[in-house]
Colleague: 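Have a look at this one.
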Amino acid sequence: MTDYPIVEATDIPAAITALKQHYPDAVKEDTRQGYSGVVVDRKRLVEIAKFIRDDLGFDYLSSATAVDYYGIADEMEMVYHAYRTAGGPALVFKAQTPRDNPEIPSLVEIWPGADFQEREAWDLYGIRFPGHPNLKRILLWEGFHGHPMRKDWHEAYYEQDHKPFDSRWPAGHVRRAEELNVYGKNVRYPADIDLSKLSDRSEEALYSDLGLGVSIQELEGDASLKTDRLVVNMGPHHPSTHGVFRMIITLNGETIESLEPVMGYLHRNHEKIGERNTFLHNMPFTDRLDYISSMSNNLGYALAVEQLLAKGARYQPPTYRAEVIRVLMVELTRIVNHYWAIGFLLNDLGAFFTPALYAIAEREKILDFFEATAGSRMMCNYMRFGGVFKDIPERIRSVANLVNDRVRDFNTMEYLTELINERIPRSIDELDEFLTESEIVKSRSIGVGYLPPEMAIAYSAAGPLLRASGVPYDVRRAEPYSIYPELDFDIAVRTHGDIYDRYLIRLDEMRESVRILKQILPRLERTRGEPIFAGSKQHTPRVPLGEAYGRVENPKGELGFYIVSAGDEKGPQNPWRYHVRAPSFINLTALGQMCIGHKVADVVAILGSIDIVLGETDR
Amino acid sequence: MSQLDLRELNSTEFPIPDEMQGNVAITSLSKIYNWSRRSSMWPLLFGLACCAIEMIATAASRYDLSRFGMEVMRASPRQSDLMIVSGTVTKKMVVPIVRLYNQMPEPKYVLAMGACASGGGPFKEGYNVVSGIDQYLPVDVYVPGCPPTPQALLFGLIALQKKIDGQSLANLDDVPWYGVGPSEPTPIPILGPDIIDPRQMDLIRRQAELAAAGKPYGIREIPAPVQKQEAPQVEAKTKAASEGSEDEAKAERMRKREEALARKKARQGS
Ligand code: SF4
């Protein structure tokens, strides 16, 4: 489907050899224990990246992130994971820069998808990217002191580098962090704070380079209908922005000239906290990334850490039953997410809440099963390294959710069978019947928010957004994990790349999920009573040194976890680097492009069709 | 309220003839104000994080918020009475939240939904997280949970209704908006090097002076761990104090009312 040449070099060693041949003095293999890929000379990074994309065929930049090796080496590093859209493993390449005055050339020119990720690295690590068109802070505000993800930057409530904190264990004191802070708040000001010129610069910076104040003459030179330029701010409190998301839109008349997403209103410092936590500690935090599909987030993180654990001697892979249950949960989650996405897309199209109510009602049935199994409707915290933490229960009995004032009590397998064979397909058909042919849906969505396939790849779009543009890329097939290879399903693809196709592809994907689930049911029966966990349960596993990138096909797109285990020789208990490649975040890179030329009213619909969740966007 | 039964409202001191039961109610002003307010709480349509998803689920068909007259979620703060702070409050977001709160007309209430809004929650230690919305806004009801289930949220909303039922026009501190005009707006935090609460300016200035003088600043001496036995004693004391002094409390209320009225007069005079 793409115009990019897919070059023969099919495996990573061959690609690395080719790289080394072409750039013998600029490319070295990464020989640190547990690392893979190559380290390239940062001065020639752009040129080498171009070679990787055009000659080696790694056309899809999945993730670009920074690591601070403070205390290990005096360096910071950018790590890039590039894939071929035809499938296969990643080519990992890195560029290193000294910690003081860090600078790495920008790759936005090669992969526009690196745009937000580089801005994030600037914001959180202070790495500058010469050549980046718009290097501003992205998650924090302009004027914030310091770059918080650096290892030597301490937050106001800082106690110690790693958990468990000595004061809690073994000392056993529990103290509210506010009590230790003069201000009684989570704040810390630099010593040289200048109180005489305190003002909020954060807003100014947003509007500074929008080219406001256009001269009237310039506009009047145009003989056609005269329109005014106008800057409209949407959000962060706005009923249709799916959470605290903000956009600054420049309009010419009613037509969008440019759109800039502004985020960070839910930046909860997931990664900083993640690097203080132990490996297992992070599992419940992943729930709160894409909080609509917590189960799949769990799986992504478990896979990443399992990859690392597999480098050690005593690792046992998850049992077969664990894998079956994982796929069951993950596919149910996909359905839950798509119900939500479709319901709220219709909200955005103006069908206020009626379709959403139907979709949410169906979702509740699946949540009941989650609650019975994991103990929570939304924040399941269910997967572990090497399996899942509990088998599915014999019966579903939920006192909390009464139906006609009666406690319901079902046999779980019967409940699931009915759900998968009848309820879900019926409700998908229902949505299909009422929405797909609706004239209003069609006229609002066909041809709107078009994203061509080359652009989707270049912008690192993932998930339904990518596949609706005609690129059949799905991690479940491109780099299979769990038991997906033995399951029979198709990758849904649509070719028009507009809102309508993104809606349709979600229906398709739900149907494919049902197809998978139907194959899971007999496997569940067959493995009943088998262990759900391999090896002995360990609360603080020691993880071998090295790096890993675990990725899964989340309902919203490719979710990746880049984990580095470094420092302690015996194998640390805390991740040195814990990075989340969030599909919602990276999919937004293309939002501006998709909106240009459309009307204001289409913006919310286009945003709705990307389907973002702010917990994951801002982390 | 789907079925309006006036008998609910009637105060017991005023017997109403049988034939007029259900048509007429004789009641106090406070009661009818409270009744109408609490039966039509309009929340602000406003979600922050994961908790918002449960809030939406509460509003949807299974849990059905409209049973309490609360389903009319308004997108505009001007039309809403209740702010459900549903999720993590970040430093970047607290600025618009305070602004929204200031824009809501009184009477207005705040419900902190979930661990994050109540006290920081799982992400409390993060550098961009506010340890609970009550550091900036007065909170009426806290609902624990991460996220609270829809049932828990409903429970919190019912608790809020009870609170409203207990308010009295005779007590201007309860319902300042009836007595002395609108309250002062909450000062809007500033995004400086870190978030700055304008109410803490003096403190920040003093700390900055300390820093300039090369002294340690910004930290407080770590207090000794709390002794376990102390807690019940304190509780007993406050209990004893509150029991023996009903009259005192009444006098105190009257005094406060006088003060509030005086303040109002002063403001009108100026
Ligand atoms: S309390 Fe829990 S569920 Fe609610 S916003 Fe905070 S992290 Fe999310």
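Chain naming here is simple, since letters A, B, ... match the order of the sequence lines and numbering starts at 1 in each.
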Colleague: Within this structure, what is the CZ-SG distance for the pair A/Arg268 and B/Cys116, rounded to the nearest 0.5 Å?
Modeller: 6.0 Å

Colleague: Compare all side-chain heavy atoms of B/Val94 with those of A/Tyr265 and state whether any distance is below 4.5 angstrom.
Modeller: no

Colleague: State whether a side-chain donor-acceptor pair under 3.5 Å links B/Ser61 with A/Tyr358.
Modeller: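 Side chains of B/Ser61 and A/Tyr358: no pair found under 3.5 Å.
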
Colleague: Is there side-chain contact between A/Lys185 and B/Asp197, with at least one heavy-atom pair below 4.5 Å?
Modeller: yes

Colleague: Hey, what's the ring geometry for A/Phe285 with B/Phe123, parallel, tilted or perpendicular (30° and 60° as the breaks)?
Modeller: perpendicular

Colleague: Report yes if the side chains of B/Pro150 and A/Arg377 come closer than 4.5 Å at any heavy-atom pair, otherwise no.
Modeller: yes

Colleague: Spell out, as yes or no, whether a donor-acceptor pair under 3.5 Å connects the side chain of B/Asp194 to the backbone of A/Arg188.
Modeller: yes

Colleague: What residue, out of A/Gly264, A/Ala156, A/Gly615, has the most heavy-atom pairs lying under 4.5 Å from chain B?
Modeller: A/Gly264

Colleague: Look at the aromatic rings of A/Trp153 and B/Tyr127 and report parallel, tilted or perpendicular, splitting at 30° and 60°.
Modeller: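 Plane angle over 60°, so perpendicular.
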
Colleague: What part of B/Ile97 is in contact with chain A, defined as an atom under 4.5 angstrom from a non-hydrogen atom: side chain, backbone, both or neither?
Modeller: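 No part of it gets close to chain A.
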
Colleague: Rounded to the nearest 0.5 Å, what separation is found between the CZ atom of B/Arg62 and the CG atom of A/Asp368?
Modeller: 4.0 Å

Colleague: Nearest 0.5 Å, please: how far is CD1 in B/Ile196 from OH in A/Tyr183?
Modeller: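 Nearest 0.5 Å value for the OH-CD1 distance: 9.0 Å.
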
Colleague: Decide side-chain contact (heavy atoms from CB on, under 4.5 Å) for A/Glu364 and B/Tyr63; before the verdict, give the C-alpha distance in whole Å, the side-chain angles of both, and the deciding distance to 0.1 Å.
Modeller: CA-CA 11 Å; A/Glu364 293 281 340; B/Tyr63 299 99; 3.7 Å; yes

Colleague: B/Ile195 vs A/Phe144, test: side-chain contact (heavy atoms from CB on, under 4.5 Å). Steps then yes/no.
Modeller: CA-CA 9 Å; B/Ile195 193 148; A/Phe144 186 84; over 6 Å; no

Colleague: I need the residue from A/Glu159, A/Arg276, A/His267, A/Glu155 with the largest number of non-hydrogen atom pairs under 4.5 Å to chain B.
Modeller: A/His267

Colleague: More than 12 non-hydrogen atoms from neighbouring residues, nucleotides or ligands closer than 6.0 Å to CZ on B/Phe155, yes or no?
Modeller: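 Counting other residues, nucleotides and ligands, CZ of B/Phe155 stays at 12 neighbours or fewer.
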
Colleague: Look up atom CG in A/Asp290 and atom SG in B/Cys50, then write down how far apart they are to the nearest 0.5 Å.
Modeller: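 One gets 10.0 Å once the value is rounded to the nearest 0.5 Å.
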
Colleague: Who wins among B/Pro96, B/Ala49, B/Ala60 for the most heavy-atom pairs under 4.5 Å with chain A?
Modeller: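 Most pairs with chain A among the choices: B/Ala49.
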
Colleague: Taking A/Ile360, A/Ile273, A/Ile292 one by one, which has the highest count of heavy-atom pairs under 4.5 Å against chain B?
Modeller: A/Ile273

Colleague: With respect to chain A, which residue among B/Ile53, B/Leu203, B/Thr88, B/Val129 yields the maximal number of heavy-atom pairs within a distance under 4.5 Å?
Modeller: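 When all of B/Ile53, B/Leu203, B/Thr88, B/Val129 are compared, B/Ile53 has the most.
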
Colleague: For the backbone of B/Lys124 and the side chain of A/Asn186, can you confirm whether one donor and one acceptor N or O come within less than 3.5 Å of each other?
Modeller: yes

Colleague: Identify the two heavy atoms, one from A/His145 and one from B/Pro193, that lie closest to each other, and give their separation to 0.1 Å.
Modeller: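 Minimum heavy-atom separation between A/His145 and B/Pro193: CD2-O, 2.7 Å.
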
Colleague: Is it the backbone or the side chain of B/Gln200 that comes under 4.5 Å from a heavy atom of chain A, or both, or neither?
Modeller: side chain

Colleague: Measuring from atom OG of B/Ser131 to atom OH of A/Tyr157, what distance do you get when rounded to the nearest 0.5 angstrom?
Modeller: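 Reported value, rounded in 0.5 Å steps: 3.0 Å.
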
Colleague: With chain B, which of A/Met379, A/His154, A/Met378 has the greatest number of heavy-atom pairs at distances under 4.5 Å?
Modeller: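 The answer is A/Met378.
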
Colleague: Distance check, rounded to the nearest 0.5 Å: B/Thr90 atom OG1 versus A/Asp618 atom CG?
Modeller: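 These two atoms lie 8.0 Å from each other.
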
Colleague: Thinking salt bridges, do B/Glu125 and A/Lys163 make one under a 4.0 Å N-O criterion?
Modeller: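 A salt bridge is present here (some side-chain N lies under 4.0 Å from a carboxylate O).
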
